[in-house]
Amino acid sequence: MRMSEIFAPTLREVPAEAEIASHKLMLRAALMRKTMAGVYTYLPLGWRSIRKVEQIVREEMDRQCGQELFMPALQNPEPWQRTGRYDDYGSEMFKFKDRGGREVCLGPTHEENITTHVADEVRSYRQLPKLLYQIQTKFRDEIRPRYGVMRGREFIMKDLYSFDADQKGLDKSFERMYEAYCRAFTRMGLDFLIVEADSGAIGGKVSKEYMAIADIGEADIVVCEKCSYGANVERAEITARPEACPCDCPPKSKVETPDVRTIEQLEKYLSVPADRMIKTLVYLADGEPVVALIRGDRELNELKLRNAVGAKEVALADEETILKVTGAPVGFAGPVGIRCAKVLADFEIPAVKCGVSGANEKDVHYKDLCYGRDFGPFELADLRNAVAGDMCPECSNPLIAKKGIEVGHLFKLGTKYSVPLGCTYLDDKGESHPMVMGCYGIGITRCVAAIIEQHSDEKGIIWPMSVAPYQCLVVVVNTTDERQSRAGEVLYAQLKEAGVEVVLDDRDERPGVKFNDADLIGIPIRVTIGQKGLDKGCVELKMRRDSQAVLIPVEDAAKQIRAIVGAEIEGLDPDKR
RNA sequence: CGAGGUGUAGCGCAGUUUGGUAGCGCGCUUGGUUCGGGACCAAGAGGCCCCGGGUUCAAGUCCCGGCACCUCGACCA
């Protein structure tokens, strides 16, 4: 490809809409353009990288005996209704009517579709396991699309579904995907961690997330540096059970706190640190009020609360409910004399010494509260998000906090879909059983953004060789110079002949323009052909990630470049490292 | 959906307070001079000022109503 011909409109200035590095660079380096909020057109350079990421994923799926197929984006709502997800997925699913007035929807994921087919076609344990996957466009009507392709409403995903006869089979399929994902992300050049996760709307029990480490990541995770434990903060189990306060505090007393409602205000007003406060939160769990007590400096985890009370949905209660339960306006709730059938306290609450909380009375708080003496006992549970410093549940080492971009997710689904959709098989005794399923996703377009987050500098992208849109860029410094121009054409032809993916910058532009575009687009190998080098019979070779160039003889250039490309790709290959 | 903000040339923005000929920088076109890190000179092209109503002699600017986009909160690959 020639730069004079390619459709790659790079931008000098940063588009106002972009916030994070990958979004800015994907626009500036002409990888994509926005069509609507969360919807993008991929331009030739961007599409080439996306296809390379896809291909790596495809190869790793195939290696684990995955079979590629292709499902429709346009879906029949009927199986969704049977699994109950037509409502559960809610407004995140694009739904509309066809001309005949029939409801149709766009697939945000494909468990229903694939399970329906497997149910129809697979009958015997002899046909299991089956690992079926596709790389396809997904649609999710996100509440707030953000960060370019990081959270889009239309995006490309690889989704694989495993069908096994039993739990043991599922465990094996899961292991295969675990391996495949490690290999795929390594080959793309991603620095990632594997963490325990919650399975959310997809369902199932065991779930692991692959997190590309990045400061702009939307997921908070905690990891152990001693063992390999890592978890999403909402999932991380907190094992510490601090000793109860010995109750040698002075008797509880009321203090006037006019208009002091928040933890921060209270900290200032009473000069009491937040870890001595008892935050009292009123929730509605499937419509029923529930009170949760956690330490003032902690974050309540709604997921843990939901699991602890066994509810399908929990949400902060409205003011009216709060008034009914506490007898006071918002901001003065406390555990003493609370009028609620269900009260849960975090495991840390009994240990709070001389606690402070609302008195269920406007403008009044209690101080010197002790669990057991002044309130409770209540049901104790793990209700808060993990933070740095919490103990590792595996090895009791203190955890550290990181941020990650979720690029992949593995789920053990069990029979959540096979039962309602009648996806069963006959075992060797002729007995019928539901298949045991797993599902495994990789956000392809999100991977591209994550790669750029991890591989870029102020000037632009620094593509890993395996996913770069092209492998080598030949820059002719001055195209009006016949000698340079000819040398460029010759090397360009030789590189193509050698099987290197090459771009020739043959534009009649100032050298600075070409070098800046080269840095922005980030092709890993840059060869500069200019007077300085040619006078010595050489061209300059510079890796995008390095600051220094080296001179190599013109006649060796193609061979050497070919070798570098091979070595770079091998360097990312888990088999070869 | 709640809170805040922005819509003016391909991109980045000024102009809106106080209504009166549509502006700047970059990019683009043509000619010339240049050519190792975003050149210079000259001449150009390019606007439903987000949309719809209203007020006014006159609206980018004021009023009403929409829409789109961005940022902050709950969801997710």
Side-chain angles (χ1 to χ4, degrees), chain A residues 9-20 23 27-28 30 33-39 53 57 88-93 108-110 135-160 181 197-202 207 209-212 218-219 232 234 302-303 313-316 404-411 439-450 459-460 475-481 484-485 507-520 526 528-535 540 542 547 549:
Chain A
T10 55
L11 302 175
R12 288 195 180 193
E13 276 166 300
V14 184
E17 71 196 55
E19 195 76 1
I20 62 167
H23 188 193
L27 294 168
R28 286 194 60 214
R33 288 291 182 265
K34 186 174 73 182
T35 312
M36 304 189 259
V39 180
V53 170
V57 170
D88 286 358
Y89 227 97
S91 41
E92 205 170 301
M93 186 150 57
T109 172
H110 282 73
I135 296 172
Q136 192 243 18
T137 304
K138 296 282 184 279
F139 297 86
R140 292 186 192 174
D141 195 359
E142 290 285 344
I143 297 164
R144 193 153 85 79
R146 208 187 336 194
Y147 291 162
V149 101
M150 204 71 86
R151 178 186 298 280
R153 296 195 293 171
E154 174 175 334
F155 57 96
I156 301 172
M157 183 166 129
K158 184 284 306 177
D159 43 328
L160 184 144
Y181 276 40
D198 187 81
S199 41
I202 307 281
S207 161
E209 286 171 340
Y210 284 71
M211 293 287 184
E218 297 185 88
N232 204 308
E234 55 187 30
E302 295 190 358
L303 231 101
E313 212 179 299
V314 298
L316 272 170
I405 300 163
E406 185 187 345
V407 286
H409 206 152
L410 312 178
F411 299 91
C439 81
Y440 317 85
I442 291 180
I444 300 287
T445 34
R446 187 181 276 183
C447 282
V448 173
K459 289 181 167 178
V475 178
V476 176
V477 172
N478 183 350
T479 48
T480 60
D481 180 71
Q484 293 179 36
S485 183
R507 292 176 299 172
D508 181 16
E509 285 284 357
R510 308 272 308 179
V513 172
K514 293 191 254 198
F515 290 139
N516 280 306
D517 269 345
D519 289 343
L520 177 60
R526 190 183 86 192
T528 306
I529 296 182
Q531 194 191 328
K532 285 194 280 188
L534 288 181
D535 285 346
E540 283 159 56
K542 181 184 163 298
S547 51

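Per chain, numbering begins at 1; letters A, B, ... match sequence-line order. Just so we're clear, the structure is a prediction, and the values are computed from it rather than from any experiment.
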In the structure shown, which nucleotide is the Watson-Crick or G-U wobble counterpart of B:C35, with both distances under 3.5 Å? none
Would you indicate which nucleotide in B:C28, B:G38, B:C75 comes nearest to any side-chain atom of A:Glu218? B:C75
Quiz: residues 510-520 of chain A side-chain donor-acceptor pairs under 3.5 angstrom, not counting sequence neighbours:
unit_1   : atom_1 : unit_2   : atom_2 : d
A:Lys514 : NZ     : A:Val476 : O      : 2.7
A:Lys514 : NZ     : A:Arg507 : O      : 2.7
A:Asn516 : ND2    : A:Gly512 : O      : 2.9
A:Asp517 : OD1    : A:Thr10  : OG1    : 3.0
A:Asp517 : OD2    : A:Arg507 : NH1    : 3.1
A:Asp517 : OD2    : A:Arg507 : NH2    : 3.1

Given B:G38, B:G25, B:A77, identify the nucleotide with an atom nearest to the side chain of A:Arg12. B:G38
Nearest-angstrom distance, P atom, B:A9 to B:A14: 12 Å
Tell me whether the ring of A:Phe155 lies stacked over the B:A77 base, given a 5.5 Å limit on centroids and a 30° limit on the plane angle. yes
Base, sugar-phosphate, or nothing for A:Val14, non-hydrogen atoms under 4.0 angstrom? sugar-phosphate
Side-chain contact check for A:Glu92: nearest option of B:G37, B:C76, B:C75 is B:C75
How close do A:Met93 and A:Pro108 get, counting heavy atoms only, and between which atoms? SD-CD, 3.7 Å
Can you identify which nucleotide, out of B:A77, B:G38, B:G36, has its nearest atom closest to the A:Phe515 side chain? B:G36
What's the gap between B:C49 and B:G60 when it is taken at their P atoms, as a whole Å value? 8 Å
Could you pull out all residues at least two apart from A:Tyr440 that satisfy ring-ring contact (aromatic ring centres under 6.0 Å, His included)? none
At 4.0 Å (heavy atoms only), tell me whether A:Val407 reaches a base, stays on the sugar-phosphate, or touches nothing. sugar-phosphate
Kindly point out which of B:G12, B:G38, B:C1 is positioned nearest to the side chain of A:Val513? B:G38
Name the nucleic acid region contacted by A:Asp519, choosing base, sugar-phosphate or nothing; use a 4.0 angstrom heavy-atom cut-off, strictly under. base
Sticking with atom P, work out how far B:G53 lies from B:G12, rounded to a whole angstrom. 29 Å
Give the C-alpha distance, both sets of side-chain angles, the deciding distance and a yes or no for side chain to side chain contact (heavy atoms under 4.5 Å, CB included) between A:Glu154 and A:Thr35. CA-CA 11 Å; A:Glu154 174 175 334; A:Thr35 312; over 6 Å; no
With no angle test and no hydrogens, is the base of B:G36 tied to the side chain of A:Asn478 by a donor-acceptor pair under 3.5 Å? no
With the side chain defined as heavy atoms from C-beta on, A:Phe411 is closest, among B:A77, B:C35, B:G12, to B:A77
Keeping the roles fixed (side chain from A:Arg446, backbone from A:Val149), state whether a donor-acceptor pair exists under 3.5 Å. no
Heavy atoms under 4.0 Å, any strand shown: does A:Arg28 hit a base, just sugar-phosphate, or nothing? base
Between A:Thr10 and A:Thr479, which is nearer to the 5' end of RNA chain B once each is assigned its nearest nucleotide? A:Thr479
Taking the C1' atom of each, how far is B:U29 from B:G37, in whole Å? 26 Å
Nearest-angstrom distance, C1' atom, B:U16 to B:U8: 11 Å
So, for A:Arg153 and A:Glu142, which heavy atoms are closest and what is the spacing to 0.1 Å? CG-N, 4.1 Å
Evaluate side chain to side chain contact (heavy atoms under 4.5 Å, CB included) for A:Thr528 paired with A:Lys542, printing each intermediate quantity in order. CA-CA 8 Å; A:Thr528 306; A:Lys542 181 184 163 298; 5.8 Å; no
Would you sort out whether A:Gln531 and A:Asp481 count as a side chain to side chain donor-acceptor pair (under 3.5 Å), showing the intermediate values? CA-CA 9 Å; A:Gln531 194 191 328; A:Asp481 180 71; over 6 Å; no
Select base, sugar-phosphate, or nothing to describe what A:Leu11 touches, counting heavy atoms under 4.0 Å on all strands. nothing
Let's see if you can work this out: which of B:U34, B:G36, B:A77 has an atom nearest to the side-chain heavy atoms of A:Arg510? B:U34
Could you check whether A:Gln531 gets within reach of a base, just the sugar-phosphate, or nothing at all, counting any heavy atom under 4.0 Å? base
Describe the nucleic acid contact of A:Gly408 in one word from base, sugar-phosphate, nothing, applying a heavy-atom distance below 4.0 Å. sugar-phosphate
pair_partner(B:C75), Watson-Crick or wobble, both distances < 3.5 Å, evaluates to none
Are the side chains of A:Tyr210 and A:Leu410 in contact, using a 4.5 Å heavy-atom criterion? yes
Nearest-angstrom distance, C1' atom, B:G23 to B:A68: 25 Å
What verdict does the side chain to side chain contact (heavy atoms under 4.5 Å, CB included) test give for A:His110 and A:Lys138, after you've listed the backbone C-alpha separation in whole Å, the side-chain angles of each residue and the deciding distance to 0.1 Å? CA-CA 9 Å; A:His110 282 73; A:Lys138 296 282 184 279; 3.2 Å; yes
Does A:Arg33 reach a base, just sugar-phosphate, or nothing at all? Heavy atoms under 4.0 Å. nothing
Send over the distance from A:Ile156 CD1 to B:A77 C1', rounded to a whole Å. 12 Å
With a 3.5 angstrom cut-off on both distances, give the Watson-Crick or G-U wobble partner of B:A14, or none if there isn't one. none
Please list, pair by pair, any protein nitrogen or oxygen found under 3.5 Å from a nitrogen or oxygen in nucleotides 66-72 of chain B.
unit_1 : atom_1 : unit_2   : atom_2 : d
B:C69  : OP1    : A:Ala37  : N      : 3.0
B:C69  : O3'    : A:Lys34  : NZ     : 2.9
B:C72  : OP2    : A:Arg144 : NH1    : 3.3
B:C72  : OP2    : A:Arg144 : NH2    : 2.7
B:C72  : N4     : A:Arg144 : NE     : 3.4

Scanning all shown strands, the Watson-Crick or wobble mate of B:C28 with both distances under 3.5 Å is B:G44
Should B:A22 form a Watson-Crick or G-U wobble pair with both distances under 3.5 Å, which nucleotide is its partner? none
How many whole angstroms separate atom CZ of A:Arg140 from atom C1' of B:C75? 10 Å
With a non-hydrogen cut-off below 4.0 angstrom, is A:Gly443 in contact with a base, only sugar-phosphate, or nothing? base
Intermediate values then yes/no, side chain to side chain contact (heavy atoms under 4.5 Å, CB included), A:Arg140 and A:Met157: CA-CA 12 Å; A:Arg140 292 186 192 174; A:Met157 183 166 129; 4.2 Å; yes
Would you state whether a donor and an acceptor, one from the side chain of A:Glu13 and one from the base of B:G27, lie under 3.5 Å apart? no
Want to settle it: does A:Asp508 or A:Asp517 sit nearer the 5' end of RNA chain B, counting the closest nucleotide to each? A:Asp508
Rounded to whole angstrom, note down the C1' distance from B:U61 over to B:U17. 10 Å
May I ask you to verify whether the side chain of A:Arg151 and the base of B:C75 hold a donor-acceptor pair under 3.5 Å? yes
Strand partner of B:C69, provided both Watson-Crick or wobble distances fall under 3.5 Å: B:G5
Among the nucleotides B:G38, B:G36, B:G25, which one has an atom lying closest to any side-chain atom of A:Asn516? B:G38
Hunt down the Watson-Crick or G-U wobble partner of B:A58, both distances under 3.5 Å, from any strand shown, or write none. none
Please classify the nucleic acid contact of A:Glu142 as base, sugar-phosphate, or nothing, using heavy-atom distances under 4.0 Å. base
When the P atoms of B:U56 and B:C63 are considered, how many whole Å apart are they? 16 Å
